[in-house]
Q: 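Let me begin by handing over the structure; questions about it come next.
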Amino acid sequence: MALKVSKTSRIPPFLAMETMNATRDLEAGGVDLVHLEIGQPSTPPPSAVLQALSKSLDATQTHGYSIAFGEMPLRRRIAAHYGDWYGCRPDPANVAVTLGSSLGFVLAFLGAFDRGDRIALANPGYPAYRNLMMALGLKPVLLPSRSVEGWVPQLEALASGDELPDGLLLASPANPTGVVMSDTDVKHVCHWCNANGVRLIMDEIYHGLTFDMRPASALLYSDSAIVVNSFSKYFCMTGWRLGWVILPDDLLEITERLAQNLYIGPSRPMQEGAMVAFDDYDTLDQNVLRYRENRDLLLRDLPPEFLGDMAPADGAFYIYADLTQLSEKVLNSVDFADALLREAHVACTPGVDFDQELGHQHLRLSYAGSTEDMVKASRRINSWLPSYLKNL
Ligand SMILES: Cc1ncc(COP(=O)(O)O)c(C=O)c1O
């Protein structure tokens, strides 16, 4: 007899992670791949972070549970980081250290909304937002943010609808487009949400990864927003699974109870390492210079028809290529990415991960790797593409 399996939780796969699985199999078979599929820095965190982690493993007090929102010294250090970068200082009591920002989103969704609530978010956007919302019984409301809209989500579409959403989730810099909101736009969104009683969740996980300016935090303009961040990107601690949220006062108690019951608390040794991650912005900023070089190299060397009418790539470490100029026969980004992986040995993520409607026309390339890998990827794509198109 077939037993019950959840229908609500039957969400689409996260294709970037599925591609990563496929690359592991190919590499196990001896294939030399270039990885542009995953948004993870190829460089490790600063050595002081590794030393602090290693030291913590010998310490007697770090093998036990942490308190749910994380140990106070780290929360104080995160609060001080807002002073360093934005000139504001949240109360450390409002900082919650989470298991990657991924669990931060689950806490935010569960703490701020109820089943059936509607949350607006940009399309294309990071797939886990939409998928997690569906698993939790929330209703994603997709805001177009495509080339014709200048790649920015159209808030006007919300204001003109019959019913305002209960929440709005935005990311800047955005994944997969690399679009960075101006300070004026961040301020406008914060004020609009406050004026309309819409809870803002601002994903600032790619802060630090911009090339021409340092974006403002929503924390400067809103005391009701949930601000989400992570050690995964700028801080190069992707696999450590550590992030944080800055919570408004009205969500503190409910979220703390959720964290206690969902995962008890974040890893103690990882928190010890993260404590010193903020002490070496100089080393981390060197990576940002490399990302800029990588981006410029790909934009210069990849065939223009492969990049097409791409999104701006002003921040994060992604190029959201537009395949429509390649051939009218390239209609499916999953098949295209699969051919690129198996024939040219370059792994990328199909756009349909980020946009279920128009994503088949797009491919996301992550340039968080080494510059040598970008050179290799560009050579491989340039030599593979003509024969691929000819055989379509
Ligand atoms: C926009 C965005 N938000 C959140 C996450 C989740 O990251 P983590 O759980 O590693 O903090 C990612 C991961 O790629 C992302 O791109």
Side-chain angles (χ1 to χ4, degrees), residues 13-20 35-42 44-45 70 74 78 95-109 119 121-133 135 140 143 145 151 153 168-181 200-210 215 217-218 226-246 259 262-263 266-267 270-271 273-274 277 291 311 313-320 347-351 353-355 359 364-369:
F14 187 171
L15 291 180
M17 301 308 290
E18 300 258 309
T19 309
M20 195 165 122
H35 290 273
L36 306 187
E37 82 280 25
I38 294 288
Q40 72 180 5
S42 57
L74 177 58
I78 292 171
V95 178
V97 179
T98 55
L99 276 60
S101 70
S102 299
L103 250 292
F105 286 105
V106 175
L107 289 183
F109 295 161
I119 323 294
L121 71 170
N123 189 38
Y126 179 58
Y129 303 146
R130 185 187 66 222
N131 295 342
L132 280 174
M133 281 177 198
L143 283 178
S145 55
W151 296 105
L168 171 64
L169 166 50
L170 292 178
S172 172
N175 176 8
T177 57
V179 168
V180 184
M181 286 167 70
L200 176 65
I201 302 175
M202 197 71 198
D203 183 351
E204 300 185 350
I205 176 172
Y206 292 105
H207 272 216
L209 304 180
T210 46
S217 170
I226 304 169
V227 173
V228 183
N229 211 319
S230 177
F231 290 96
S232 290
K233 308 296 178 177
Y234 175 79
F235 297 99
C236 302
M237 294 158 66
T238 323
W240 292 45
R241 310 311 305 129
L242 222 50
W244 72 86
V245 285
I246 315 281
L262 265 174
Y263 55 83
S267 148
M270 297 301 170
Q271 291 184 69
Y291 303 144
D314 288 332
F317 30 50
Y318 303 115
I319 288 174
Y320 196 50
C348 294
T349 305
D353 214 11
F354 311 95
D355 179 348
R364 190 194 71 173
L365 286 67
S366 161
Y367 51 84

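Order of appearance sets the numbers: ligands from 1, and atoms from 1 within every ligand.
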Q: Please name the pair of heavy atoms, one in W240 and one in P45, separated by the smallest distance, quoted to 0.1 Å.
A: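 Smallest heavy-atom distance, with atoms named: CZ2-CG, 4.0 Å.
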Q: For atom 12 (C) of ligand 1, what's the nearest protein heavy-atom neighbour? Residue, atom name and distance, please.
A: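 So the nearest neighbour among protein heavy atoms is Y126 CZ, 3.3 Å.
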Q: What's the spacing between K233 NZ and L209 CG if we round to 0.5 Å?
A: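 Output value for this atom pair is 9.0 Å.
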Q: As an exercise, identify every atom of ligand 1 less than 4.0 angstrom from a heavy atom of S102.
A: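 Going through ligand 1 atom by atom, the ones under 4.0 Å from S102 are 6 (C), 8 (P), 9 (O).
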Q: Of the protein's non-hydrogen atoms, which lies at the shortest distance from atom 10 (O) of ligand 1, and what is that distance?
A: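 That would be S232 OG, 2.6 Å.
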Q: Under 4.0 Å from a heavy atom of N175: which atoms of ligand 1 are those, numbered in the order shown and with their elements?
A: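 Within the 4.0 Å cut-off of N175, ligand 1 contributes 1 (C), 15 (C), 16 (O).
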Q: Just wondering, do Y318 and S366 contact through their side chains at under 4.5 Å, heavy atoms?
A: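 Yes. Closest side-chain heavy atoms under 4.5 Å.
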Q: With only distance considered, is S101 within less than 3.5 Å of ligand 1 through an N or O on each side?
A: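 Right, the criterion is met.
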Q: Against heavy atoms of G100, which atoms of ligand 1 measure under 4.0 Å?
A: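 By the 4.0 Å cutoff, the relevant atoms are 9 (O), 11 (O).
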Q: Tell me, which pairs form a side chain to side chain donor-acceptor pair (under 3.5 Å) where one or both residues lie in residues 121-132, sequence neighbours left out?
A: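 Listed by first then second residue: N123-D355, Y129-D203.
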Q: Identify which one of F235, F317, Y234 satisfies the ring pair (Phe, Tyr, Trp, His ring centres under 6.0 Å) criterion when paired with Y206.
A: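 By the ring pair (Phe, Tyr, Trp, His ring centres under 6.0 Å) criterion, Y206 pairs with just one of F235, F317, Y234: F317.
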Q: With a 4.0 Å cut-off on heavy atoms, does Y206 reach ligand 1?
A: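 True for this residue.
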Q: Looking at ligand 1, does any of its N/O atoms fall within less than 3.5 Å of an N/O of D203?
A: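 Among all N and O atoms of D203, at least one is under 3.5 Å from an N or O of ligand 1.
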Q: Compute the minimum heavy-atom distance from R241 to ligand 1 and say whether it is under 4.0 Å.
A: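 So R241 counts as touching ligand 1.
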Q: Quick check on contacts: which atoms of ligand 1 are under 4.0 angstrom from a heavy atom of K233?
A: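 Once the distances to K233 are compared, the set is 13 (C), 14 (O).
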Q: Could you tell me if the side chain of T177 sits less than 4.5 Å from the side chain of F354, heavy atoms only?
A: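 A side-chain contact under 4.5 Å is absent here.
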Q: Show which atoms of ligand 1 fall inside a sub-4.0 Å distance from at least one heavy-atom site of F105.
A: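 So the answer, numbered in order with elements, is 4 (C).
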Q: Between T98 and F105, is any pair of side-chain heavy atoms under 4.5 Å apart?
A: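 T98 vs F105: side chains apart.
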Q: Identify, with sequence neighbours excluded, every residue that meets side chain to side chain contact (heavy atoms under 4.5 Å, CB included) alongside S230.
A: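 With neighbours one apart ignored, the set is S101, I205, S232.
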